[in-house]
Amino acid sequence: EKRGSILIVCLIILSTLTVYGAVLISVVHERSLGVSLQVERLQAIYLAEAALSKSIDEIKSLADRNGDGLGTIPKTRLGNGIYFAVHNPATFTIAGVGEVNEVRRTVKIKYAGI
């Protein structure tokens, strides 16, 4: 009778530890997914800022290097993603866009006309 009760107590303890382990694994997995999403969002914002920088450089130098309109930057691959910029001279705005996997970030600026 003692052996049976010790076996039951051991099974209960083992089951409890298994549940705690599964919960811990689940939490760690969710956190790692969240971290990778944050990294992709940060990369996308940096790419959008790179697009803005390229666009501003094109406008300042008055040199349309790719023939698609002054300040407009075509889709360009860099690292894990792409970036591009759209310049609207009528409203004096530039939108820089960065994309990494499914994450897209846009940075818009409005400048004073010359």
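Keep in mind that the numbers below use all heavy atoms, side chains included, and drop hydrogens, waters and symmetry copies.
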| query | Is there a side chain to side chain contact (heavy atoms under 4.5 Å, CB included) between I82 and L47 once you walk through the steps? | reply | CA-CA 7 Å; I82 62 164; L47 287 171; over 6 Å; no

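- Closest of all the heavy-atom pairs between L52 and G96 is CD2-N, 3.8 Å.
- Between the side chain of N101 and the main chain of V103, no donor-acceptor pair closer than 3.5 Å is present.
- Considering only residues two or more places apart in sequence or on other chains, R41 meets the salt bridge (charged side-chain N to carboxylate O under 4.0 Å, His left out) condition with none of them.
- Shortest non-hydrogen contact noted between I59 and L70 is CA-CG, 4.2 Å.
- Inter-residue side-chain proximity for I94 and V86 is flagged as unmet; no heavy-atom pair is nearer than 4.5 Å.
- Looking at every heavy atom in both residues, A95 comes nearest to T106 through CB-CG2, 4.4 Å.
- Shown here are the salt bridge (charged side-chain N to carboxylate O under 4.0 Å, His left out) partners of D68, two or more places apart in sequence or in another chain: there are none.
- Between the OG1 atom of T93 and the NZ atom of K110 there is a distance of 6.5 Å, given to the nearest 0.5 Å.
- In the hydrophobic cluster analysis, where Ile, Leu, Val, Met, Phe, Trp and Tyr join through side-chain heavy atoms closer than 4.5 angstrom, Y83 is grouped together with V100.
- The six-membered or imidazole ring of H87 lies away from that of F92, with a centre-to-centre distance of 6.0 Å or more.
- Considering only residues two or more places apart in sequence or on other chains, E99 meets the salt bridge (charged side-chain N to carboxylate O under 4.0 Å, His left out) condition with R104.
- A heavy-atom distance below 4.5 Å is found between the side chains of T91 and N88.
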Indicate every side-chain donor-acceptor pair of residues 10-30 with a distance under 3.5 Å to a residue at least two apart or in another chain.
unit_1: S15; atom_1: OG; unit_2: L11; atom_2: O; d: 2.8
unit_1: T16; atom_1: OG1; unit_2: I12; atom_2: O; d: 2.8
unit_1: T18; atom_1: OG1; unit_2: L14; atom_2: O; d: 2.8

For residues 73-80, run the donor-acceptor check on the side chains, cut-off 3.5 Å, and write out each pair with its distance to 0.1 Å, sequence neighbours left out.
unit_1: T76; atom_1: OG1; unit_2: P74; atom_2: O; d: 2.9

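- Residues in residues 51-63 take part in these salt bridge (Lys or Arg N to Asp or Glu O under 4.0 Å) pairs, two or more places apart or across chains: D57-R65.
- Between A85 and A51 the shortest heavy-atom distance is CB-O, 3.7 Å.
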